[in-house]
*Asks:* 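Can you keep this structure in mind? I'll have questions shortly.
As the structure is a computational prediction, the values presented were derived from the model and not from experiment.
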Amino acid sequence: MTTPLLQLQDLNVTYEVGDKEVPAVRGVGLTLDPGGTLGVAGESGSGKSTVAMSVLRLLPRTAKITGEILLDGEDVTEMKWGRLRAVRWAEASVVFQGAMHALNPVRKIGEQIAEPLRLHPPAGKTPTDAEIDARVAELLTQVDLPPSRAGAYPHELSGGQKQRVMIAMALACSPRLIIADEPTTALDVIVQAQVLALLSRLVAEQDIGLIMISHDLSVLAATCERIAVMYDGQIVEEGPSAEVMGAPKHEHTRALAAAFPTVGDPVSRFAPATTNPLPPEPEDRVTGEPLLEAENLRVSFRDRTGKRIDAVAGVDLTVARDEIVALVGQSGSGKTTLARTLLGLQKADSGVVRYAGKPVPTGGAGLKAYRRQVQLVLQDPTSALNPAHTVYEAVAEGPRIHQLADERAVVHRALEAAELRPAAKFADRLPHQLSGGQRQRVVIAGALALEPSVVVADEPVASLDASVRGEILALLLRLRRELGLAALVITHDLGLAWNIADRVAVMYRGELVETGTVEQVLLDPKHEYTKSLLAALPGGTAQRRTVET
């Protein structure tokens, strides 16, 4: 009988908060065989990352662990510090969430990949510099990066490349177990598919056990043989991936599945998964006249050699009053540059931006007045909000710049519109006292305070939990209904586009390669790039067959 690679038995974790002990994980039992793959799903606060980090005792000092964590039959909870240090990296390693933050920005990636090799030399033999360089080159090749990238700094790599570097570091000492904590969060669909395929290939080739953590069930189903769903610190459902995805038994599992809609599912159109669903959209709803327009817009930058590269290449785009347009494409396709140009934050080489039929001024009072009408909702609410400013101060910034009268009433009205009710309850809080969804609502309130006609939302739910994602999307739809607010939503998530958009514009290498209604673009794509985006969705081929039938 094969000894399990990892076995958790009645695992409990509590955190000391003041003079209280707060339970985070309660009675968890999981088993992973050598070469097996297990997905752990759940929202933030469900305990999934606490379970994963407890395997190598990477939790803070305030955490108390009871139960057994058997790694190759040896209880991690009873290991002395020297033995635990030897186990980390060499026998089990972690791919941490957010490669941007996990990598040291001032060290070359080759040095960072080499660090585990220097700290944990095989068989106690210190490798030479030449041996380390050779191993780094081998690891980069394994994760489909050229060895020459060893000399690059993290800021010189794309998001997907940084994630590959994290995987290379985890593989450095040839561990038998890898724990991947949200390894594809905020990656576009094609890069996500590449990272998932890479992990699957490495697991198969090297017989590695894999635990993958995610709030997206479709990502886990595409990579893992089994899925365990956590809620409130407990395992509420576990089984083969096909069963958990195809016929979820627990209501929380069903909610997680519904939060990431299938492209082509008529039920999820204008109906984000939320505990407070909106009434159906009227079938005969017609959008208004063109409000925000780009005509033959072109923006270029110079690369290191001085050569001009088109980031936006002759784009024509229209957002009508009372319309939501989704701008989709991979990272680097030019979406954010186009948005910055529409907002007047980036100068165009040529072309024109119009608002309500008139060209947008390039400076002065005219540009300031335009920016009051077209507001930006930033991607990451944690980075967008000043940690030292209260909610009131964050929302009041715009009204102060535009010298609006009755500032307090304006701020409270915006907070109420963003569903932070009652406004007085939230006004004096700091960002760290809010949940992720509440922080995103503060960012939206900051845009609403100026009563704009258009919002440009850059990946508004990329870093949010499943249920919170549904709430924010429902909020955008409600604002469109109640205020007639138009929106340009920038996203790499085709499910989000299907969820809320009237039209979709697909951007590739600076060009709009396909534009049309959501049904036209996502159900009957004409351009090969659009087809590749749909095929890259987890389970993409099966999903496309479902859509086509």
Side-chain angles (χ1 to χ4, degrees), residues 8-30 40-69 75-81 84-85 88 94 96-98 101-102 179 181-182 185 211 213-215 228-236 252 275 380-395 415 418-443 445 463-468 471-472:
L8 308 181
Q9 297 180 346
D10 193 26
L11 178 65
N12 295 273
V13 182
T14 59
Y15 289 99
E16 293 179 7
V17 180
D19 58 352
K20 296 181 180 180
E21 288 192 350
V22 179
V25 173
R26 297 180 291 159
V28 166
L30 290 172
V40 182
E43 297 186 323
S44 292
S46 63
K48 60 186 189 299
S49 291
T50 296
V51 167
M53 295 303 106
S54 67
V55 171
L56 291 175
R57 286 169 44 190
L58 294 173
L59 297 175
R61 293 177 181 269
T62 55
K64 177 183 177 182
I65 301 174
T66 61
E68 291 186 328
I69 304 171
D75 194 342
V76 174
T77 65
E78 297 181 354
M79 289 180 181
K80 301 297 184 182
W81 168 242
L84 180 61
R85 185 177 182 276
R88 291 173 177 172
V94 181
F96 292 101
Q97 181 178 0
H101 305 293
I179 301 167
D181 189 1
E182 298 278 9
T185 297
I211 296 177
I213 302 165
S214 180
H215 58 263
V229 180
M230 290 196 69
Y231 178 68
D232 195 24
Q234 297 176 299
I235 302 290
V236 296
H252 183 66
T275 55
D380 182 0
T382 302
S383 301
L385 297 173
N386 187 324
H389 285 182
T390 64
V391 167
Y392 182 92
E393 292 168 326
V395 178
L415 290 172
E419 298 177 354
L420 290 169
R421 305 185 182 111
K425 175 183 175 182
F426 292 94
D428 293 329
R429 292 187 183 180
L430 293 168
H432 76 270
Q433 297 172 312
L434 304 175
S435 68
Q438 289 170 337
R439 285 193 290 268
Q440 188 65 298
R441 290 175 190 276
V442 173
V443 173
S463 59
L464 300 180
D465 280 337
S467 63
V468 178
E471 292 169 2
I472 297 300

*Asks:* Do His215 and Glu182 have side-chain atoms, one donor and one acceptor, less than 3.5 Å apart?
*Replies:*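 The criterion, which ignores hydrogens and geometry beyond distance, is satisfied for Glu182 and His215.
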*Asks:* Mark yes or no for whether Lys48, through its side chain, and Gly42, through its backbone, hold a donor-acceptor pair below 3.5 Å.
*Replies:*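 At least one qualifying donor-acceptor pair exists.
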*Asks:* Under 4.0 Å between a side-chain nitrogen and a carboxylate oxygen: does that hold for Glu419 and Arg441?
*Replies:*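 Yes, this pair counts.
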*Asks:* Decide yes or no on side-chain contact (heavy atoms from CB on, under 4.5 Å) for Val391 and Asp428, but give the supporting numbers first.
*Replies:* CA-CA 6 Å; Val391 167; Asp428 293 329; over 6 Å; no
*Asks:* On a heavy-atom basis, which atom in Ser54 and which in Ile69 lie closest, and how many Å separate them?
*Replies:*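 It is O-CD1, 3.3 Å.
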*Asks:* Considering non-hydrogen atoms only, spot the tightest contact between Val28 and Gly233 and give its length.
*Replies:*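 For Val28 and Gly233, the tightest heavy-atom pair comes out as CG2-O, 3.7 Å.
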*Asks:* Would a 4.5 Å heavy-atom cut-off, applied to side chains only, mark Leu11 and Ile65 as touching?
*Replies:*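 Counting from C-beta outward, Leu11 and Ile65 do come under 4.5 Å.
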*Asks:* Determine yes or no for a side-chain-to-main-chain donor-acceptor pair under 3.5 angstrom, with Arg439 supplying the side chain and Leu434 the backbone.
*Replies:*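 Answer holds: yes.
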*Asks:* Report yes if the side chains of Leu58 and Arg88 come closer than 4.5 Å at any heavy-atom pair, otherwise no.
*Replies:*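 Result yes, sub-4.5 Å side-chain heavy-atom pair found.
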*Asks:* Within the distance-only criterion (no hydrogens, no angle test), does the side chain of Arg26 pair as donor or acceptor with the backbone N or O of Asp10 below 3.5 angstrom?
*Replies:*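 Checked: no pair found.
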*Asks:* I want to check something: taking the side chain as every heavy atom from C-beta on, are Leu415 and Tyr392 in contact at a cut-off of under 4.5 Å?
*Replies:*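 The answer is no; the side chains never approach within 4.5 Å.
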*Asks:* Looking only at atom types and distance, does a side-chain atom of Glu393 sit under 3.5 Å from a main-chain N or O of Asn386, one as donor and one as acceptor?
*Replies:*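 No: the side chain of Glu393 does not pair with the backbone of Asn386.
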*Asks:* Whether the side chain of Arg57 engages the backbone of Met79 through a donor-acceptor N/O pair (distance < 3.5 Å, no angle test) should be reported.
*Replies:*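 At least one qualifying donor-acceptor pair exists.
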*Asks:* Any chance you could lay out the side-chain contact (heavy atoms from CB on, under 4.5 Å) test for Val25 and Asn12, step after step, and finish with the verdict?
*Replies:* CA-CA 5 Å; Val25 173; Asn12 295 273; 5.9 Å; no
*Asks:* Apply side-chain contact (heavy atoms from CB on, under 4.5 Å) to Phe96 and Asp181, showing your working.
*Replies:* CA-CA 5 Å; Phe96 292 101; Asp181 189 1; 5.8 Å; no
*Asks:* Could you tell me the separation between the CD atom of Gln9 and the CG atom of Asp75, rounded to the nearest 0.5 Å?
*Replies:*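 The CD atom of Gln9 sits 8.5 Å away from the CG atom of Asp75.
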*Asks:* Work out which heavy atom in Ile213 is nearest to a heavy atom in Ala52; give both atom names and the distance.
*Replies:*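 Scanning both residues, the minimum pair turns out to be CD1-CB, 3.0 Å.
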*Asks:* Start with the C-alpha gap between Ile235 and Leu30, add the side-chain angles, then the distance that decides, and say whether side-chain contact (heavy atoms from CB on, under 4.5 Å) holds.
*Replies:* CA-CA 9 Å; Ile235 302 290; Leu30 290 172; 4.2 Å; yes
*Asks:* For Ala445 and Val395, work out which heavy atoms get closest and say how close.
*Replies:*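 Ala445 and Val395 have their closest heavy atoms at O-CG1, 3.8 Å.
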*Asks:* Check whether Arg429 reaches the backbone of Thr390 with its side chain - one donor and one acceptor, N or O, closer than 3.5 Å.
*Replies:*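 Such a contact is absent between Arg429 side chain and Thr390 backbone.
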*Asks:* Is there a side-chain contact between Val40 and Met230, using heavy atoms and a 4.5 Å cut-off?
*Replies:*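 A side-chain contact under 4.5 Å exists here.
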*Asks:* Keeping the roles fixed (side chain from Gln440, backbone from Gly437), state whether a donor-acceptor pair exists under 3.5 Å.
*Replies:*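 Checking the backbone N and O of Gly437 against the side chain of Gln440, no donor-acceptor pair under 3.5 Å is found.
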*Asks:* Can you give me the closest heavy-atom contact between Pro23 and Thr14, atom names plus distance?
*Replies:*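 Taking every non-hydrogen atom into account, CA-CG2, 3.8 Å.
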*Asks:* Do Glu16 and Lys64 touch side chain to side chain, with heavy atoms closer than 4.5 Å?
*Replies:*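 No - every pair of side-chain heavy atoms lies 4.5 Å or more apart.
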*Asks:* List the atom of Gln438, the atom of Phe426, and the distance in Å for their closest heavy-atom pair.
*Replies:*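 Heavy-atom minimum between the residues: NE2-CE2, 3.5 Å.
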*Asks:* Are Leu56 and Val76 close enough that some pair of their side-chain heavy atoms sits under 4.5 Å apart?
*Replies:*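 A side-chain contact is absent here, since even the closest heavy-atom pair is not under 4.5 Å.
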